[in-house]
Amino acid sequence: MARRRQLYEGKAKILFEGPEPGTLVQYFKDDATANNAQKRGVITGKGVLNNRISEYLMLRLAEIGVPTHFVRRLNMREQLIREVEIIPIEVVVRNVAAGSLSKRLGIEEGTRLPRTIIEYYYKNDQLGDPMVSEEHITAFGWANTQDMDDIISLSLRINDFLTGLFLGVGITLVDFKVEFGRLWDNEDMRIVLADEISPDNCRLWDAKTNEKMDKDRFRRDLGRVEEAYQEVAKRLGILPEAGMRDLKGPETMQ
Ligand code: TMP
């Protein structure tokens, strides 16, 4: 196979040129960072599991009509995606107080919020992804009001669906972060769900015990990080064919 051109390397993923124009290959690494990359580490098998979990969730979301960038999974660590123009906003959807919301507003972690809250953060590592309002987003042209209407309604639909899906396997969806992109089809533009949905960017708590089953185990040095990611995949019924033994998986084919 011809060596593929690497287009971008992020903290947890690498993007390669895809086999056809308008496609990319998204490779999932085991690398983990927290606190704007001040804390770094490796979660063995995370890339394999996140590739699977994100594939599963994006396919289920597509079934209910949420457009996504996902095309198909290629192998243990790679998936084929549509190339989109990423909107530089991290959209955080919260159902239960945790993390930065609890810290900023002094609301105890685990408090159910009176209603779902959506927050926006400007994607800029140098600035530490500052929180912004819809006013900032439209004033600076990162997205227009029509884009924001689509982003809000998609985010709420994603939240409703995933809340039910996770509850069905005994998990509370506390909060999550999603990203959206513009997909162009000649003159037509659609906003689609991009990036990934995995325990790296969701807070997932066991519904009975409230035990954390997500990246907070790494962020807060709680231990049993790999096991938490495996448990999420297991409950969703999607552990890799090889089971727990081969989570390192084959290296990328370049
Ligand atoms: P926060 O409470 O730290 O603001 O995080 C809210 C949710 O967003 C949580 O599920 C983790 C996720 N998140 C990311 O995926 N990437 C980020 O850079 C941050 C800050 C949060």
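Along the sequence shown, the residues carry numbers beginning at 1.
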Q: Is there side-chain contact between N159 and L173, with at least one heavy-atom pair below 4.5 Å?
A: yes
Q: Do you know which two heavy atoms are closest between A143 and M148, and how far apart they sit?
A: CB-SD, 3.9 Å
Q: With heavy-atom distances below 4.5 Å as the criterion, would you say the side chains of V84 and V192 are in contact?
A: yes
Q: List for me each residue that meets side chain to side chain donor-acceptor pair (under 3.5 Å) alongside K212, sequence neighbours excluded, and say none if there are none.
A: none
Q: Is the shortest heavy-atom distance from the side chain of I107 to the side chain of L101 under 4.5 Å?
A: yes
Q: G10 and K29: which non-hydrogen atoms are nearest, and at how many Å?
A: O-NZ, 2.9 Å
Q: Please evaluate residues E179 and V91 with respect to the criterion side-chain contact (heavy atoms from CB on, under 4.5 Å), reporting the C-alpha separation (whole Å), side-chain torsions for both, the decisive distance (0.1 Å), and the verdict.
A: CA-CA 6 Å; E179 295 183 24; V91 180; over 6 Å; no
Q: Can you tell me if E55 and N51 form a side-chain donor-acceptor pair at under 3.5 Å?
A: no
Q: Heavy atoms only: give me the nearest P199-N50 pair and the separation to one decimal.
A: CD-OD1, 3.4 Å
Q: Parallel, tilted or perpendicular: which fits the ring planes of F16 and Y27, with parallel below 30° and perpendicular above 60°?
A: perpendicular
Q: Mind checking whether Q26 and H69 have side chains closer than 4.5 Å, heavy atoms only?
A: yes
Q: Does the salt bridge (Lys or Arg N to Asp or Glu O under 4.0 Å) test come out yes or no for K177 and D195, once each step is laid out?
A: CA-CA 10 Å; K177 184 269 293 184; D195 192 50; 3.3 Å; yes
Q: Around atom NZ of K11, are there more than 12 heavy atoms from other residues, nucleotides or ligands closer than 6.0 Å?
A: yes
Q: Is D160 salt-bridged to R157, cutoff N-O under 4.0 Å?
A: no
Q: By the definition side-chain contact (heavy atoms from CB on, under 4.5 Å), identify the one residue from D30, L49, I43 that meets it with E226.
A: I43
Q: Linking I/L/V/M/F/W/Y whenever any side-chain heavy atoms sit under 4.5 Å apart, do I118 and V92 land together?
A: no
Q: Decide side-chain hydrogen bond (donor to acceptor under 3.5 Å, both in side chains) for D175 and N95; before the verdict, give the C-alpha distance in whole Å, the side-chain angles of both, and the deciding distance to 0.1 Å.
A: CA-CA 6 Å; D175 59 30; N95 300 305; over 6 Å; no
Q: To the nearest 0.5 Å, how far apart are NZ in K208 and CD1 in I171?
A: 12.0 Å
Q: Same hydrophobic cluster for I238 and F70, using side-chain heavy-atom links shorter than 4.5 Å among ILVMFWY?
A: yes
Q: State, to 0.1 Å, how close F218 and G41 come at their nearest heavy-atom pair, and which atoms those are.
A: CZ-N, 3.7 Å
Q: Got a sec, which residues hit side chain to side chain donor-acceptor pair (under 3.5 Å) with R82, two or more places apart in sequence or on another chain?
A: none
Q: After noting the C-alpha distance and the side-chain angles of R94 and S100, does the key distance pass the side-chain contact (heavy atoms from CB on, under 4.5 Å) rule?
A: CA-CA 11 Å; R94 301 179 186 272; S100 69; 3.0 Å; yes
Q: When you look at E78 and N75, which way does the side-chain hydrogen bond (donor to acceptor under 3.5 Å, both in side chains) test go after all the steps?
A: CA-CA 5 Å; E78 294 178 321; N75 56 48; 2.7 Å; yes
Q: Yes or no on salt bridge (Lys or Arg N to Asp or Glu O under 4.0 Å) for R182 and E83, after CA distance, side-chain angles and deciding distance?
A: CA-CA 9 Å; R182 295 189 184 89; E83 184 170 21; over 6 Å; no
Q: Do L61 and I81 share a hydrophobic cluster, counting only Ile, Leu, Val, Met, Phe, Trp and Tyr and linking them when any side-chain heavy atoms are less than 4.5 Å apart?
A: no
Q: Passes side-chain contact (heavy atoms from CB on, under 4.5 Å), N144 versus T138? Steps please.
A: CA-CA 5 Å; N144 63 29; T138 52; 5.6 Å; no
Q: Do E196 and Q79 have side chains that get closer than 4.5 Å, going by heavy atoms?
A: no
Q: Ignoring hydrogens, what is the shortest heavy-atom contact between A97 and S102? Give both atom names and the distance.
A: C-OG, 3.4 Å
Q: Hey, is CZ on R220 packed in by over 12 heavy atoms from elsewhere, all under 6.0 Å?
A: yes
Q: Please state whether the rings of W142 and F140 are parallel, tilted or perpendicular, taking 30° and 60° as the class boundaries.
A: tilted
Q: Under 6.0 Å from the six-membered ring centre of F28 and within 45° of its axis: does the NZ or CZ of K46 meet both?
A: no
Q: In the structure I gave you, are the side-chain heavy atoms of W205 and V96 within less than 4.5 Å of one another anywhere?
A: yes
Q: Are Y122 and I86 co-members of a hydrophobic cluster defined by side-chain heavy atoms under 4.5 Å apart?
A: no
Q: For atom CZ of R104, decide whether the heavy atoms of other residues, nucleotides or ligands shown that lie under 6.0 angstrom number more than 12.
A: yes
Q: Supply the atom-to-atom distance I158 CD1 to L57 CG, rounded to the nearest 0.5 angstrom.
A: 10.5 Å
Q: After noting the C-alpha distance and the side-chain angles of Y56 and R60, does the key distance pass the side-chain hydrogen bond (donor to acceptor under 3.5 Å, both in side chains) rule?
A: CA-CA 6 Å; Y56 177 77; R60 299 295 309 269; 2.8 Å; yes
Q: Does L7 share a hydrophobic cluster with W184, counting links as ILVMFWY side-chain heavy atoms below 4.5 Å and allowing steps through other members?
A: no
Q: Take R203 and D216 through the test salt bridge (Lys or Arg N to Asp or Glu O under 4.0 Å) and record every step on the way to the result.
A: CA-CA 7 Å; R203 283 200 173 92; D216 269 351; 2.6 Å; yes
Q: Passes side-chain contact (heavy atoms from CB on, under 4.5 Å), I53 versus L236? Steps please.
A: CA-CA 8 Å; I53 293 169; L236 293 173; 4.1 Å; yes
Q: Which distance, rounded to the nearest 0.5 Å, do you find between the OG of S198 and the NZ of K215?
A: 8.5 Å
Q: Do Y121 and E119 pass the side-chain hydrogen bond (donor to acceptor under 3.5 Å, both in side chains) test, and can you show the C-alpha distance, the side-chain angles, and the key distance before you say yes or no?
A: CA-CA 7 Å; Y121 295 85; E119 297 172 348; 2.6 Å; yes
Q: Are R112 and T172 close enough that a side-chain donor and a side-chain acceptor fall under 3.5 Å?
A: no
Q: Can you tell me how far apart CE (M213) and CG (D206) are? Round to the nearest 0.5 Å.
A: 6.0 Å
Q: Check I191 against L154 and note the closest heavy-atom contact, atom names and distance.
A: O-CD1, 3.8 Å
Q: Out of curiosity, R5 CZ to E17 CD, how far, rounded to the nearest 0.5 Å?
A: 4.5 Å
Q: Mind checking side chain to side chain donor-acceptor pair (under 3.5 Å) for E135 and listing every partner two or more places apart, or none if nothing turns up?
A: none
Q: Is R190 salt-bridged to D150, cutoff N-O under 4.0 Å?
A: no
Q: Are side-chain heavy atoms of R219 and N35 found at a separation under 4.5 Å?
A: no
Q: For N124 and L127, indicate whether the former's side chain and the latter's backbone hold a donor-acceptor pair under 3.5 Å.
A: yes
Q: Counting C-beta onward and ignoring hydrogens, is there a side-chain heavy-atom pair between F176 and I197 closer than 4.5 Å?
A: no
Q: Does a side-chain N-to-carboxylate-O contact under 4.0 Å join R224 and E231?
A: no
Q: Compute whether any side-chain donor of one residue and acceptor of the other, for D214 and Y229, lie under 3.5 angstrom apart.
A: no
Q: Distance from I137 atom CD1 to I151 atom CD1, nearest 0.5 Å?
A: 7.0 Å
